[in-house]
Amino acid sequence: MAVELLLGTPPAAGAADRIVGQLGQQIRTVGAAPASRPLRNPGDHARNNQDQAFDLSKRYKTSKCPPAECGGINPAIADYTASVRIYLGCDHAGLELKNHFVKRLTDLGHDVIDVGPAAYDANDDYPPFCVEAARRVVADDGSLGLVIGGSGNGEQIAANKVPGARAALTWNVATARLARQHNNAQLAGIGARMHTVEEAERIVDAFLTTEFDGGRHQRRIDLLAGYERTGEPPALPAE
Ligand SMILES: O=C(CO)[C@H](O)[C@H](O)COP(=O)(O)O
């Protein structure tokens, strides 16, 4: 399966080649953001689970392939999230976890686009990468994004500077789930220094497999969108 992997800015081209080599022929580099195309709602498969207590072991079919035989990844997970395009951005603190998710989410069948950085630089700054990830998500309807740093705070703040972006700091499974259900967040901020890899995987899995509830939550999102568009604050309730 060909997966589009977009790596960083032009100076990162050498590093891009290295990463492509490491990840193998599944991945090809592209020079620009891919054109938007119809994507399945990432929560489509989870619709029947809306009223159940959140339990990943129930949500995922686990019988297809024992994790030990699949490098620790159950391919059945991809059944719930296939065809989602996911943009990832980070800084030095999030690089290792970002690279982990580039591989893991690619292995699960997602279209993964890595906006960088491509290599470790202890002095890099998160805003360029997180703003770029958010810009691409907003421009690509139906896509999702992960912005990863030490805490995830600055990364989420940076992403939220992009008009139309809704980025949530997802610091456990519940907040990841609510970020989708109540906030229709397209981006998750994750603190690589806050979690084990396994915890981060559970958080990201929850984010990617949960669907927006709509209803009253859409009204609130519309209020924020209106403020963003017009600069007019939403009216306070009459006394
Ligand atoms: O989490 C972050 C922002 O919210 C950054 O990753 C963090 O501030 C980087 O810190 P340092 O430069 O000390 O490695």
Side-chain angles (χ1 to χ4, degrees), residues 5-16 18-19 22-23 33 85-106 110 112-140 143-208 210 221 224 227-228:
L5 173 68
L6 184 65
L7 288 147
T9 49
R18 269 203 311 284
I19 289 183
Q22 285 164 12
L23 293 180
R85 185 173 291 136
I86 305 168
Y87 295 85
L88 291 98
C90 69
D91 70 353
H92 57 280
L95 185 77
E96 202 175 328
L97 188 62
K98 184 265 289 175
N99 289 343
H100 173 81
F101 278 117
V102 167
K103 177 165 185 347
R104 182 171 193 269
L105 297 175
T106 298
H110 295 287
V112 174
I113 299 178
D114 182 351
V115 304
Y120 184 80
D121 173 357
N123 292 314
D124 68 12
D125 304 313
Y126 57 83
F129 303 105
C130 298
V131 167
E132 183 62 13
R135 280 166 45 87
R136 287 172 184 268
V137 166
V138 169
D140 187 356
S143 69
L144 296 172
L146 305 178
V147 286
I148 308 175
S151 68
N153 279 328
E155 292 68 30
Q156 177 231 9
I157 291 169
N160 275 319
K161 299 295 179 192
V162 175
R166 292 180 299 278
L169 181 65
T170 52
W171 55 272
N172 61 12
V173 167
T175 52
R177 183 187 184 203
L178 286 166
R180 295 285 307 135
Q181 285 182 324
H182 286 201
N183 312 116
N184 202 11
Q186 318 103 316
L187 292 118
I190 297 157
R193 292 173 178 162
M194 305 295 134
H195 310 291
T196 64
V197 171
E198 292 72 25
E199 275 171 5
E201 285 181 356
R202 284 194 291 275
I203 290 168
V204 168
D205 287 345
F207 184 76
L208 296 179
T210 304
I221 289 172
L224 288 172
Y227 178 53
E228 189 173 63

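In each ligand, atom 1 is the first atom listed, and ligand 1 is the first ligand listed.
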Return yes when atom [atom1] of [X] has more than 12 non-hydrogen atoms of other residues, nucleotides or ligands closer than 6.0 Å, and no otherwise.
{"X": "E199", "atom1": "CD", "result": "yes"}
{"X": "R135", "atom1": "CZ", "result": "no"}
{"X": "Y227", "atom1": "OH", "result": "no"}

For [atom], find the nearest protein heavy atom and state the residue, atom name and distance (0.1 Å precision).
{"atom": "atom 11 (P) of ligand 1", "answer": "H92 NE2, 3.5 Å"}
{"atom": "atom 4 (O) of ligand 1", "answer": "G154 N, 2.7 Å"}
{"atom": "atom 2 (C) of ligand 1", "answer": "E155 OE2, 3.2 Å"}
{"atom": "atom 1 (O) of ligand 1", "answer": "S151 N, 2.8 Å"}

[X] to ligand 1: N or O pair under 3.5 Å?
{"X": "A122", "result": "no"}
{"X": "G150", "result": "yes"}
{"X": "Y126", "result": "no"}

Look at the side chain of E155 and the backbone N and O of I148, then say whether any donor-acceptor pair between them is shorter than 3.5 Å.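 Not a single qualifying donor-acceptor pair exists.
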
May I ask you to list the atoms of ligand 1 that are less than 4.0 angstrom from any heavy atom of D91?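 Matching atoms, with element in brackets: 5 (C), 6 (O), 9 (C).
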
If you take all heavy atoms of I190 and T170, which pair is closest and at what distance?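 Closest heavy-atom pair between I190 and T170: CG1-OG1, 3.6 Å.
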
Where is the tightest heavy-atom contact between G116 and F129, given as atom of each residue plus distance?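 Scanning both residues completely, I find the closest heavy atoms to be C-CD2, 3.4 Å.
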
Any non-hydrogen atom of R193 lying under 4.0 Å from ligand 1?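 True for this residue.
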
Note: A93, heavy atoms under 4.0 Å from ligand 1, region reported as side chain

Using a 4.5 Å cut-off on heavy atoms from C-beta on, say whether the side chain of L97 contacts that of H195.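 With C-beta onward as the side chain, the pair stays apart.
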
Charged N to carboxylate O below 4.0 Å: is that the case for E198 and R202? no

Protein heavy-atom contact under 4.0 Å for atom 8 (O) of ligand 1?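 Protein heavy atom within 4.0 Å of atom 8 (O) of ligand 1: absent.
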
